[in-house]
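So the structure is just underneath, and the comments pick up after that.
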Amino acid sequence: MEMKLTVQTISEGLGGASVIQITDYAHITQKVEIMTQRLDSPGKMTFVCLEEGKIAIPEGSAVECSVDGIKMFKGFVMAIERTKDGETTYTAYDQLRYLKANASYAFKDMSLSQIIQQIALDFGLVTGKLADTGYVFPCLIKGNEGCLDIIFDALTQTIIQTGKIFLFYDDAGTLTLAEAKELFHYTVLGDNSLATNYTYNRNIDADTYNRIKLVKKNEETGRTDTYTHEDTDNIKKWGLLQYYDEVDKNLNDAQVDEMCSLYLKYYNRVLQILTIEAVGVPSIRAGSIVPIQIAGIDGLVSSRLLLAEKVTHHFDGDNHTMSIEVKSFDHLGGEMIV
């Protein structure tokens with residue numbers, strides 16, 4: 001395994017000019033951890049160095065990490081922690097961290113890629129490939145909300161409306177919107193293939209709903225219109241698990257009813273969570289589609305394509321391991337993704 005971990009620092013030189021220095025920290029870094037999540041969170045990297053003297057890397061410094069020629073992370077140092085013996089832990093986040101700022105927007109007849117482009121422009125962030133999802137928001141109004149929340153809410157609605165899974169992430173320095181099938185991996189994880197352990201969980205306690213209730217303000221009548229879809233069989237089995245939300249008043253009845261139907265299809269299931277500990281593969285990140293085969297789990301006896309929700313890479317010396325979390329392989333798993 002060959003790792004490069006470069007840090008770009010800026011200092012003041014003669015005459016007040018800025019001096020940029022790029023240093024490779026790979027040879028003095030003891031541990032590195034890179035974590036990505038499919039939804040709601042920026043990519044994060046922590047690395048530990050044993051330093052003498054003052055802290056060497058100031059806040060805001062750019063950090064890049066690649067392994068075996070694969071770019072895994074680019075971000076900026078946001079937090080520093082040091083112990084008495086000089087062990088210093090640096091924490092860096094990718095560009096998505098800057099989207100945690102609040103703002104207000106009114107998007108009309110805009111796609112998700114156009115929304116991302118507008119917000120990125122406002123915050124001076126670098127964009128890369130932004131896929132055309134094929135879905136346009138008639139009107140999306142957000143007041144004083146986190147920009148990251150705005151984008152991921154629009155992403156979730158786009159996934160539900162199109163039936164396709166799209167990913168929004170920072171691809172080592174460029175904000176990217178891509179369809180999940182573009183992050184397909186041929187490496188099988190599971191029995192006799194890289195996996196060293198796993199934990200399997202089933203529940204209806206988180207993100208499971210058998211009744212969807214959406215409401216919309218009706219300016220003509222002054223009342224609130226209600227749209228409901230439910231699964232009576234699952235209500236009898238599990239009890240009533242209701243999802244409630246107020247939708248954009250500019251949506252018509254057919255659009256809200258369709259949204260209600262799609263939400264029920266998406267959330268009306270037993271949530272399955274599988275976490276696999278395995279030998280590290282640098283190219284796998286959150287959003288990757290990975291073939292998984294585990295004989296001890298129903299539905300995974302044969303190899304099946306699953307979507308990685310969270311991936312954490314651990315580097316300790318020459319040892320590279322990873323933890324992969326996948327969910328809901330009844331609805332989101334299988335060949336239909338690709």
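We count residues from 1, following the sequence as given. Predicted model only: the values in this text are computed from it and were never measured.
In the hydrophobic clustering, where aliphatic and aromatic side chains (Ile, Leu, Val, Met, Phe, Trp, Tyr) are joined below 4.5 Å either directly or transitively, Tyr244 groups with Val215.
The aromatic rings of His313 and His320 sit tilted relative to each other, their planes meeting at an angle between 30° and 60°.
Side-chain contact of Tyr263 with Asp245: a donor-acceptor pair under 3.5 Å is absent, judged by distance alone. Using modelled atom types, one finds no donor on one side chain facing an acceptor on the other under 3.5 Å when comparing Asn210 with Asp231. His229 and Asp257 share a side-chain donor-acceptor pair at under 3.5 Å.
A 6.0 Å sphere centred on NZ of Lys142 holds more than 12 heavy atoms belonging to other residues, nucleotides or ligands. The environment of CG in Asp205 is sparse: at most 12 heavy-atom neighbours from other residues, nucleotides or ligands sit within 6.0 Å.
Remark: the backbone N or O of Val281 is not paired with any side-chain donor or acceptor of Ser283 at under 3.5 angstrom. At least one donor-acceptor pair under 3.5 Å links the side chain of Asp191 to the backbone N or O of Ala295.
Residues Leu39 and Leu155 have side chains in contact (heavy-atom distance under 4.5 Å, counting atoms from C-beta outward).
Remark: aromatic rings of Tyr135 and Phe137 are close, center separation under 6.0 Å.
Residue pairs meeting the side chain to side chain donor-acceptor pair (under 3.5 Å) criterion with at least one partner in residues 157-168, sequence neighbours excluded, are Asp153-Gln157.
When the options Glu33, Met322, Lys44, Glu325 are evaluated for a side-chain contact (heavy atoms from CB on, under 4.5 Å) with Thr312, the one that passes is Glu33.
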